[in-house]
There are 2 protein chains.
Amino acid sequence: MGRRSGILEFAVLGLLRESPMHGYELRKRLNTSLGVFRAFSYGSLYPCLKTLVQRGWLAEEPGDEPEDSLAAPLAGRRAKIVYRLTAEGKERFEELLSQTGPDTWEDEGFGVRFAFFGQTSRDVRMRVLEGRRSRLEERLAKMRTALARTRERLDDYTLELQRHGMESVEREVRWLNELIESERAGRDQHRGQTPPDPSDDTA
Amino acid sequence: MGRRSGILEFAVLGLLRESPMHGYELRKRLNTSLGVFRAFSYGSLYPCLKTLVQRGWLAEEPGDEPEDSLAAPLAGRRAKIVYRLTAEGKERFEELLSQTGPDTWEDEGFGVRFAFFGQTSRDVRMRVLEGRRSRLEERLAKMRTALARTRERLDDYTLELQRHGMESVEREVRWLNELIESERAGRDQHRGQTPPDPSDDTA
DNA sequence: GTTTTCATGTAACCCGTTACATGATTCA
DNA sequence: TGAATCATGTAACGGGTTACATGAAAAC
């Protein structure tokens, strides 16, 4: 039924890659650890989990039944449902992570990708950072030409808004440049820290 | 049928306040003059115009019939439809402009408000700017506490993401401070420029 | 023993997009 | 005359939210 793609799926896969969790806890982490982002609601989270299970990205596990495992073994037993990432789910996450095309949810997509950098190889990190940078530069170019075409017939406020907008984007590009530089430096020195793929037990 | 609120309605009212227009041109201006923003599609624009007419915010005017006004007077004559802002529409726009509550579409709503500053009184401008600032400061506070609670169990990348996010918000606050300062200076000097309410023919 | 928090879900809605369809006007 | 662009619209979908409903466990 539900098609589901969107950044919620992405964030869920990423969080579950770290460790299995049940829905309620997942939602909390979506708003704290991944805190910069929007607060997702249960109304979207639980249906999303369902469809991810249907697709085979996630598996349900019977949550730790609290104390009385012999009391009501098959009644309306709807205890915590712990979700675990399957091997296919891991592949799917990898795939989403390394996507750098323009259909990448622009800003929020980058935020999620960056938040999961700790679990990524440097190759992927470089691609994500450079992809983001080039898309921001495209955006800058568009803004500049649009501004050049319309500068005369805009009032001071609109002009100031556009100036500030462009400056923000330029700042982010500089930030990305620093990050890319430090990633590259890390590679050249190949320091002992940050192994390329920690706990990769799928291959 | 359609309920419609959202920032599209807002932007449309604002653009039509400057001068009447037909849908096609409106859409172009939504992506250039108001250029910083997202590109709205016809699929949302035309239905929006319809419901705005139904509510009485807009009035349809028969567009300038090109050349042959005697050729086919009542056939499938579907020429340009020029939309004009009614007095009620103007009130509605005023109302939306000066709303500073937290239910204000956060970022995009501010962008639209700012883009229409040229048509606003300094009072409204001050309220919008200060409202935006206080909401950003709330956001900053939340980010700081969230960071304080989780700092230890976050990896370097997540930390860097949050640091950069907070810095961006702080920069915008400083920008707002400058704008507010210059608005205040303008008032104290009450210079001849920027009359408080240009062409206010509704009251 | 009652309130809070944990935990899971559903139905209705919202605001927008994509893809499609139609036709008039302008320009090469 | 045929292609581009102007101009208006509709149907189906998309990815979320809000509000609601339910119930168990923990805290007071």
Side-chain angles (χ1 to χ4, degrees), chain A residues 1-12 21-31 37-53 58 60-69 71-72 75-83 102-106 108-109 112, chain B residues 1-12 21-31 37-53 58 60-69 71-72 75-83 102-106 108-109 112:
Chain A
M1 295 274 186
R3 195 96 303 229
R4 307 278 159 202
S5 61
I7 117 183
L8 178 52
E9 168 192 325
F10 189 16
V12 164
M21 262 179 285
H22 58 268
Y24 191 88
E25 189 179 350
L26 244 162
R27 202 222 135 166
K28 272 198 303 187
R29 309 244 351 228
L30 281 171
N31 307 283
F37 311 121
R38 47 193 303 178
F40 294 98
S41 64
Y42 298 121
S44 42
L45 177 56
Y46 284 114
C48 174
L49 288 170
K50 284 285 157 66
T51 67
L52 290 184
V53 169
L58 301 186
E60 295 184 4
E61 283 176 355
D64 42 295
E65 305 141 37
E67 305 311 280
D68 57 300
S69 45
R77 281 281 289 102
R78 193 195 44 167
K80 278 197 276 197
I81 301 174
V82 173
Y83 293 93
D103 55 329
T104 200
W105 308 295
E106 283 302 324
E108 293 198 311
V112 174
Chain B
M1 297 272 187
R3 195 102 295 235
R4 308 277 159 203
S5 62
I7 118 180
L8 178 51
E9 168 192 324
F10 189 17
V12 164
M21 261 178 285
H22 57 269
Y24 191 86
E25 189 179 350
L26 245 162
R27 200 221 137 169
K28 273 199 301 187
R29 307 236 2 220
L30 282 171
N31 307 281
F37 310 121
R38 47 193 304 179
F40 293 98
S41 65
Y42 297 120
S44 42
L45 177 57
Y46 285 114
C48 174
L49 288 169
K50 282 286 157 64
T51 66
L52 290 183
V53 169
L58 301 186
E60 296 184 5
E61 285 177 351
D64 42 295
E65 305 140 39
E67 306 310 279
D68 57 298
S69 45
R77 281 280 289 102
R78 194 196 42 169
K80 279 197 275 197
I81 302 173
V82 174
Y83 293 93
D103 55 329
T104 200
W105 311 296
E106 283 301 324
E108 292 199 312
V112 175

(message) Holding to side-chain contact (heavy atoms from CB on, under 4.5 Å), I want the full list of residues that pass it with A:Tyr46, two or more places apart in sequence or in another chain.
(response) A:Tyr24, A:Tyr42, A:Leu49

(message) Whole angstroms only, please: what is the NZ-P distance between A:Lys50 and D:dG15?
(response) 19 Å

(request) Of all the heavy-atom pairs spanning B:Leu45 and B:Gly23, show the shortest one and how long it is. (result) CD2-O, 3.3 Å

(request) State, to 0.1 Å, how close B:Ala39 and B:Arg27 come at their nearest heavy-atom pair, and which atoms those are. (result) CB-NH2, 4.4 Å

(request) Mind checking the CG-SG spacing from B:Leu8 to B:Cys48? Nearest 0.5 Å is all I need. (result) 4.0 Å

(message) Whole angstroms only, please: what is the OH-P distance between B:Tyr24 and D:dC6?
(response) 4 Å

(request) Give a yes/no on whether any side-chain N or O of B:Ser5 is located under 4.0 angstrom from OP1 or OP2 of C:dC14. (result) no

(request) Starting from the 5' end of DNA chain D, give me the residue, B:Glu25 or B:Pro47, whose nearest nucleotide shows up first. (result) B:Glu25

(message) Can you measure A:Ile81 atom CD1 to C:dC6 atom P for me and round it to whole angstrom units?
(response) 18 Å

(request) Begin with the C-alpha distance, continue with both residues' side-chain angles, and end with the deciding distance and a verdict on side-chain contact (heavy atoms from CB on, under 4.5 Å) for A:Glu60 and A:Tyr83. (result) CA-CA 5 Å; A:Glu60 295 184 4; A:Tyr83 293 93; 3.5 Å; yes

(request) To the nearest Å, give me how far apart CH2 (B:Trp105) and C1' (C:dC14) are. (result) 13 Å

(request) Could you check which of C:dT8, C:dG9, D:dG16 has an atom nearest any side-chain atom of A:His22? (result) C:dT8

(message) Quick one, A:Leu26 and A:Phe40 - any side-chain contact, counting heavy atoms below 4.5 Å?
(response) no

Where do N or O atoms of nucleotides 17-21 of chain C meet protein N or O atoms at under 3.5 Å, pair by pair?
| residue | atom | partner | partner atom | Å |
| --- | --- | --- | --- | --- |
| C:dT17 | OP1 | B:Ala39 | O | 3.1 |
| C:dT17 | OP2 | B:Ser41 | N | 3.3 |
| C:dT17 | OP2 | B:Ser41 | OG | 2.9 |
| C:dT17 | OP2 | B:Ser44 | OG | 2.4 |

(message) Counting the atoms with a prime plus P, OP1 and OP2 as sugar-phosphate, which does A:Tyr83 contact under 4.0 Å by heavy atoms, base, sugar-phosphate, or nothing?
(response) sugar-phosphate

(message) Without decimals, in angstroms, what is the distance between B:Phe10 CZ and C:dC15 C1'?
(response) 16 Å

(message) Is there a side-chain contact between A:Lys80 and the phosphate of C:dC6, meaning an N or O under 4.0 Å from OP1 or OP2?
(response) no

(request) Could you check how far CG of A:Leu49 sits from P of C:dT10, rounded to whole Å? (result) 12 Å

(message) Quick check: closest heavy atoms across A:His22 and A:Ile81, and the distance to 0.1 Å?
(response) CB-O, 3.0 Å

(request) Would you sketch DNA chain D in dot-bracket for me? Only Watson-Crick or G-U wobble pairs with both distances under 3.5 Å count, crossing pairs as [ ], other-strand pairs as |, the rest as dots. (result) ||||||||||||||||||||||||||||

(message) Whether B:Tyr46 contacts D:dT8 is assessed here as follows: a side-chain N or O lying under 4.0 Å from the phosphate OP1 or OP2. Is that the case?
(response) yes

(message) How close do B:Leu30 and B:Ala11 get, counting heavy atoms only, and between which atoms?
(response) CD2-CB, 3.6 Å

